[in-house]
Protein chains: 2
Amino acid sequence: MVRGIEGRKARILKAIIEDYILTAMPVGSRTISRKYETNLSSATIRNEMSDLEELGYLAQPHVSAGRVPSHKAYRLYVDDLLGASFPEDGSAREYFSRQVRQMEDVITCAAHALSEITRYTAVVMMPKQLDLRISCLQLVPMPRGNALLVIVTDTGAIQDTVIRVSEALDGDALYAISRMLTERLAGRTLKEVQQMLGAYSRQGGADARVLQGIAALAAQMERQNATDTLTVGGAHNILNYPEYSDVEKARAFLSVLEGREKLMDLLSRSQSPFTVLIGPETGIDEMRDCSVVTASYQVGAGHRGAIGVIGPTRMPYMKVLSALSAVGNTLTEMLGETIL
Amino acid sequence: MVRGIEGRKARILKAIIEDYILTAMPVGSRTISRKYETNLSSATIRNEMSDLEELGYLAQPHVSAGRVPSHKAYRLYVDDLLGASFPEDGSAREYFSRQVRQMEDVITCAAHALSEITRYTAVVMMPKQLDLRISCLQLVPMPRGNALLVIVTDTGAIQDTVIRVSEALDGDALYAISRMLTERLAGRTLKEVQQMLGAYSRQGGADARVLQGIAALAAQMERQNATDTLTVGGAHNILNYPEYSDVEKARAFLSVLEGREKLMDLLSRSQSPFTVLIGPETGIDEMRDCSVVTASYQVGAGHRGAIGVIGPTRMPYMKVLSALSAVGNTLTEMLGETIL
DNA sequence: GTTAGCACTCGACGGTCGAGAGTGCTAACA
DNA sequence: TGTTAGCACTCTCGACCGTCGAGTGCTAAC
């Protein structure tokens, strides 16, 4: 324990917190005396607990119940943990074995991995990327007068869509068009492309469809990249914990997850390397019994994304930090490989 | 009501079912007398209800509670509905406005639409496609020595992945390779491609990476298409209904949704145009208080997929059928356009 | 065939009571 | 001065009980 509390008191507080994390039940003096501080009697523990309560670290649901750690106690406990080092969860990488297509897939994969490792709700945020520039543009022939329009940006982001083209165009013709388009559009930002093509396609003509398709795809791509993307995994893991055995509370919690704004806000407050928000610190009423543990990860040059775990305040922070650390590193690695 | 029950009894039973659907509370004789059959006294209704109970259409939770429809009653009610015509939900199309990339996106979109319209859990199944043949194969240049490998099949399915290539290869070179590969591989099944390339890539050499990439992508594509794909939307809508106000039940329900096998089974029993499985008919214990309403939709030539809604037995079947009908048709249309 | 009336049943609700858990306080002890 | 045993006290929880009200089934009259 960092400060404010010395040796024995600190040990007792820690024991109470850890027992409460395991059992979710108010911890009595006798439990501590038997399981943790076997050389002290329950009466002694009681005196210490009484002190700790006065200091604001413990609370009693009612007079004849045991003690429950306060948010202040968790704060102390977590700050202590964050100062120490913790092992990286070795099993994390296994969860990434599935097919990974591009950024979005990696993100989704990470969210699932994190929620499966921790058994809590996981959130992964991908930072927005502004002013993407087109690096390449290609039409791939498809059956029956369709073509797949693929746009690749300088950052390696990919977006594609199926458009209709004249049936007369074969692969070579489509490639010729692709080449010409790439020549004219490479290096332009998505916004510029939209403006340029807006003018063209209003003229109508044979290949207006292609140009319209490009403009639409560019617009969509920009829209998608201008906002931070957020993925949630294991949303209903929360039902596994007695804190949310009340359906109303669980529903409220899940609603917050659905309306992404508040989550965004939480993750954007993530600082490097780890941030822990406990209960009321989240600023979200439906999460007053939750903690949010976040870590940031590196995406290419300078961009930072964030990953986080949301669970009851009474969560095994050590394990969660290990998992976050592992998933965050894996993420940085994978995104470095495929994208940067 | 189709058979077994004549005029007034049928009307009363219908009234009971519809009231129960609205309120989720046992329906008393007085309620029916006042709200539905105002020209009959509650005593008369009581007599009829007593008959209906003897016939197995109603049940009493306890002697002084009202009556609750049995599964047999729902069966009758639903069979009656299925015989009639119902309006198509006009608002369905609005939900499809988002970006739609290819089959998977359409499926996801449909699941969300369906769950938002009905406020229940929606499932959408895409049928497996065996023996896909390659129609085109193309490498799109990406920054920093990467390329996007795109495979298009004759059915219009698309799969892509990022692979590393020699930095010396520019767009034209990649197109030349693409052309050659397409020439050699077009018309082959994914399995054949894997076999052919397995041999090549073992030889090593400069472009072994490309061939390996193709083989891997083909393998993945086949894996993905060989199994039916399933998407679930609005899973936790179930929490909105008093039938699942017990967290344990809700959890069990959500677990069934996660382990997809049982869902697959349910959807594969879907017959054209609509199928309704009531409570125990689902064969899933965790869903004994649920009904599953499914519809099938057309995917291209001959293939049929299925969409479904899962909610409490006491659901407004009429509305659900309307929604299914609308989403199913939209789906057929969209897949017809872009894929077929 | 329908209805009013009435006795009856059963769950929901609120109150009471005893058991058990855990506390705080006090006094004795090292 | 710190630790501990002992004890009275408080509070929750489950069991039990009586009341209330909803809804039924039955009977007799229309």
Side-chain angles (χ1 to χ4, degrees), chain A residues 5-13 15-20 22-70 73 242-243 245-247 314, chain B residues 5-13 15-20 22-70 73 242-243 245-246:
Chain A
I5 294 194
E6 92 292 4
R8 194 176 71 178
K9 261 197 182 50
R11 279 209 317 280
I12 292 178
L13 181 53
I16 293 173
I17 294 174
E18 290 179 352
D19 198 78
Y20 187 69
L22 283 177
T23 64
M25 305 270 280
V27 186
S29 54
R30 204 135 171 266
T31 310
I32 299 299
S33 158
R34 279 188 309 194
K35 291 210 303 189
Y36 300 90
E37 297 280 333
T38 40
N39 53 338
L40 290 179
S41 79
S42 65
T44 311
I45 307 285
R46 271 206 291 287
N47 288 329
E48 295 286 25
M49 284 167 102
S50 177
D51 291 355
L52 285 168
E53 180 165 2
E54 204 162 334
L55 292 168
Y57 293 106
L58 294 179
Q60 274 184 299
H62 58 85
V63 67
S64 80
R67 254 80 170 200
V68 167
S70 69
E243 283 84 347
S245 61
D246 176 22
V247 177
R314 154 197 95 69
Chain B
I5 295 194
E6 92 292 5
R8 193 174 72 177
K9 262 198 181 48
R11 280 207 317 279
I12 292 177
L13 181 54
I16 294 173
I17 295 174
E18 291 180 352
D19 199 78
Y20 186 70
L22 284 178
T23 64
M25 308 270 277
V27 186
S29 54
R30 227 169 138 237
T31 310
I32 299 299
S33 158
R34 278 188 309 193
K35 291 211 300 190
Y36 299 89
E37 297 279 335
T38 40
N39 52 338
L40 291 179
S41 81
S42 65
T44 310
I45 307 286
R46 273 205 291 286
N47 287 330
E48 295 286 25
M49 283 167 103
S50 177
D51 291 356
L52 285 167
E53 180 165 2
E54 205 162 333
L55 291 167
Y57 293 107
L58 295 179
Q60 274 184 299
H62 57 86
V63 66
S64 79
R67 254 79 169 202
V68 167
S70 68
E243 282 85 347
S245 61
D246 177 22

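Below, each value reflects all heavy atoms present in this structure, side chains not excepted, and no hydrogens, waters or symmetry copies. Below, read A as the first sequence line, B as the second, and so on, with proteins coming before strands; counting in each chain starts at 1.
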ask   = Near DNA chain D, under 4.0 Å by heavy atom, which residues of residues 38-50 of chain A?
value = A:Asn39, A:Leu40, A:Ser41, A:Ala43, A:Thr44, A:Arg46, A:Asn47
query = Less than 4.5 Å apart, any side-chain heavy atom of B:Thr31 and any of B:Ile16?
reply = no
key: Side chains of A:Glu37 and A:Thr44 in contact at under 4.5 Å (non-hydrogen atoms)   = no
note = Among D:dT24, C:dG11, D:dC11, the one nearest any side-chain atom of A:His62 is D:dC11
task = Identify the two heavy atoms, one from B:Tyr36 and one from B:Glu18, that lie closest to each other, and give their separation to 0.1 Å.
result = OH-C, 4.4 Å
inquiry  = With heavy-atom distances below 4.5 Å as the criterion, would you say the side chains of B:Pro242 and B:Met25 are in contact?
reply    = no
request  = For A:Ile16 and C:dG22, give me the distance from atom CD1 to atom P, rounded to whole Å.
outcome  = 13 Å
key: A:Ser70 side-chain N/O to A:Gly56 backbone N/O, donor-acceptor pair under 3.5 Å   = yes
request  = Compare all side-chain heavy atoms of B:Arg8 with those of B:Leu40 and state whether any distance is below 4.5 angstrom.
outcome  = yes
key: Degree of bending, the helix from C:dG1-D:dC30 to C:dA30-D:dT1 (end axes from five pairs; round to 10°)   = 20°
ask   = Has the side chain of A:Ser33 got a donor or acceptor atom that lies under 3.5 Å from a matching backbone atom of A:Ser29?
value = no
ask   = Should B:Arg8 be listed as having a side-chain N or O under 4.0 Å from OP1 or OP2 of C:dG1?
value = no
query = Just to confirm, is there a sub-4.0 Å distance from OP1 or OP2 of C:dC8 to any side-chain nitrogen or oxygen of B:Ser64?
reply = no
ask   = Taking the side chain as C-beta and beyond, is there a heavy-atom pair between A:Arg46 and A:Ser50 under 4.5 Å?
value = no
